[in-house]
Amino acid sequence: MEHIEEDDSEHERLPDDDKFCTLTMAEILERQGMKKDAMKIYQALLKKGGQNGLLIQERMDKLSGHSLRSNEDRKKDFINWINKLQNPRK
């Protein structure tokens, strides 16, 4: 009987289809312990830009073991975000 070894690298591949690269998918992968895959999605989402940049960066920091941002930094970021919403560039 022939023994077939599983290829772990295939497990870490993400689909090329962009519709699977969502914040929800990254959260699911993270909860399932698939941290490398979650990190890849977070990185792809950061490259796209958008309104979840701070949240994504915090989750990436958490996954990579870096310390989380201070509450004061979060407060400043929140105030900046509110100011941008109130004064959008034309």
Side-chain angles (χ1 to χ4, degrees):
M1 184 171 166
E2 184 180 350
H3 177 70
I4 300 173
E5 292 186 28
E6 290 185 31
D7 183 6
D8 288 337
S9 63
E10 188 171 327
H11 172 68
E12 294 181 11
R13 284 191 212 136
L14 294 174
D16 292 332
D17 194 347
D18 202 36
K19 68 182 177 184
F20 291 107
C21 289
T22 65
L23 189 57
T24 302
M25 179 57 82
E27 291 168 347
I28 291 169
L29 292 170
E30 189 177 343
R31 278 188 245 130
Q32 292 178 346
M34 302 169 108
K35 294 180 181 182
K36 287 181 184 180
D37 290 340
M39 186 66 88
K40 288 178 185 179
I41 291 178
Y42 287 139
Q43 289 169 343
L45 291 172
L46 262 186
K47 285 180 186 176
K48 283 184 183 180
Q51 60 186 350
N52 292 325
L54 293 174
L55 174 66
I56 293 168
Q57 187 61 54
E58 285 182 8
R59 291 190 179 170
M60 288 176 64
D61 289 346
K62 181 182 172 187
L63 276 177
S64 64
H66 293 106
S67 61
L68 295 175
R69 300 164 47 86
S70 71
N71 284 336
E72 193 62 34
D73 288 338
R74 289 181 189 188
K75 183 178 177 181
K76 288 177 188 177
D77 289 338
F78 180 72
I79 290 170
N80 288 337
W81 178 71
I82 293 294
N83 289 335
K84 286 181 184 178
L85 287 176
Q86 292 174 343
N87 302 311
R89 294 181 186 182
K90 295 181 181 182

Chi angles and distances behind the side chain to side chain contact (heavy atoms under 4.5 Å, CB included) call for E58, K62: CA-CA 6 Å; E58 285 182 8; K62 181 182 172 187; over 6 Å; no
Euclidean distance, M60 CE relative to M39 CE, rounded to 0.5 Å: 5.0 Å
Residues in side chain to side chain donor-acceptor pair (under 3.5 Å) contact with K35, at least two apart in sequence or another chain: none
Other cluster members, L85 - Ile/Leu/Val/Met/Phe/Trp/Tyr, side-chain contacts below 4.5 Å: F78, W81, I82
Spacing of Q57 atom CD and Q43 atom CD [to the nearest 0.5 Å]: 9.5 Å
Spatial distance of atom CG (L46) from atom CD1 (I41) [nearest 0.5 Å]: 12.5 Å
Hydrophobic cluster (4.5 angstrom, side-chain heavy atoms) - remaining members for I28: none
Pairing residues for L23 by the side-chain contact (heavy atoms from CB on, under 4.5 Å) criterion, not counting sequence neighbours: E27, Y42, L45, N52, L55, I56, R59
Spatial distance of atom CG (L29) from atom NZ (K40) [nearest 0.5 Å]: 10.5 Å
E30 CD to D37 CG distance, which is reported to the nearest 0.5 Å: 12.0 Å
Shortest non-hydrogen separation from A38 to A26 and the atoms involved: CB-O, 3.4 Å
